[in-house]
Q: 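Here it is, the structure, as structure tokens.
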Amino acid sequence: MPRHKRSSLPLALAVALFLLVAPFAHAQTIKVVKAKAVVIEGIEAKAGDLYYAIDDQGKRRAIIEITKAKGSRAAGKIKRGKAKVGMTLQPRGAGPAAKSESSTETQFREGEAPKESKLAIGGMLGFGMDTISVGYTTETVETKGSGFSLKGVGDYKFGELLGLRALAGYETVNAT
């Protein structure tokens, strides 16, 4: 009966990469809200920059202007809307010089929700190391090798609760 065993080296490399990248993946989150003032962590901004406060459903709830910034912390004031602790931020424009509004900014100002894309696509490139052991009545043959994979993914949202995901790809196994 053939036995297929994969090496744990790719998994170990993936975990090591995650541990190296994770400390630098700061989300720009609101830590303190008092009246019209907010304190933000994990942000690289300068005074005058404008940001949207985004709730956990991805909706824009407030416009925040940065008043002071130092390192990865900033203080700001709420210009419009309501912000809560834990909301994330999305840049609105490049400081006070940005005067033109996009259609999404106009929708936000007029109280409409921004239109969300229904289709998302992505790709993945991989590398695998394989070991295969085949046992016969008199001997066992072991083969080793490696291969590459290329995969694509597409997601389509029909609604809030229903979606379709399609995966396609090519994976090589080269064991000799």
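The chain is numbered in sequence order, starting from 1.
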Q: From D56 CG over to T88 OG1, what is the distance, rounded to the nearest 0.5 angstrom?
A: 9.0 Å

Q: To the nearest 0.5 Å, how far apart are CZ in R80 and CZ in R60?
A: 12.5 Å

Q: What heavy-atom pair brings A83 and I30 nearest, and what distance separates the two atoms?
A: CB-CD1, 3.9 Å

Q: Between T140 and G135, which heavy-atom pair has the shortest distance, and what is it?
A: OG1-CA, 4.0 Å

Q: Considering only heavy atoms from C-beta outward, does the side chain of E142 approach that of T131 to under 4.5 Å?
A: yes

Q: For a quick test of reading the model, state the closest non-hydrogen atom pair linking A45 to I66 and the distance between them.
A: CB-CG1, 4.1 Å

Q: Would a 4.5 Å heavy-atom cut-off, applied to side chains only, mark K77 and E65 as touching?
A: yes

Q: Check whether V85 and I78 end up in the same hydrophobic cluster, where Ile, Leu, Val, Met, Phe, Trp and Tyr are linked by side-chain heavy atoms less than 4.5 Å apart.
A: yes

Q: To which residues is I121 joined in a hydrophobic cluster, defined by side-chain heavy-atom contacts under 4.5 Å among Ile, Leu, Val, Met, Phe, Trp and Tyr, whether direct or through other members?
A: L119, Y156, F158, L162, L164

Q: Is any side-chain heavy atom of K31 closer than 4.5 Å to a side-chain heavy atom of T29?
A: yes

Q: When Ile, Leu, Val, Met, Phe, Trp and Tyr are grouped by side-chain heavy atoms lying under 4.5 Å apart, directly or through other members, which residues fall in the same group as Y170?
A: none

Q: Under a 4.5 Å cut-off applied to non-hydrogen side-chain atoms, are L50 and K79 in contact?
A: yes

Q: Show the nearest heavy-atom pair for residues L89 and A53, with the distance to one decimal.
A: CD2-CA, 3.9 Å

Q: Suppose the criterion is side chain to side chain donor-acceptor pair (under 3.5 Å): which pairs have a residue in residues 144-153, not counting sequence neighbours?
A: K151-E171

Q: Under 4.5 Å between side-chain heavy atoms, hopping through other hydrophobics if needed: is there a path connecting L125 to F127?
A: no

Q: Can you tell me how far the CZ atom of R165 sits from the NZ atom of K157, to the nearest 0.5 Å?
A: 12.0 Å

Q: Would you name the heavy atoms of Q28 and Y51 that are closest together and state the gap between them?
A: OE1-CE2, 4.0 Å

Q: Can you check whether F148's main-chain N or O pairs, donor with acceptor, with T172's side chain at less than 3.5 Å?
A: yes

Q: Kindly give the heavy-atom pair with the smallest separation between I43 and A74, and that separation in Å.
A: CG2-CB, 3.8 Å

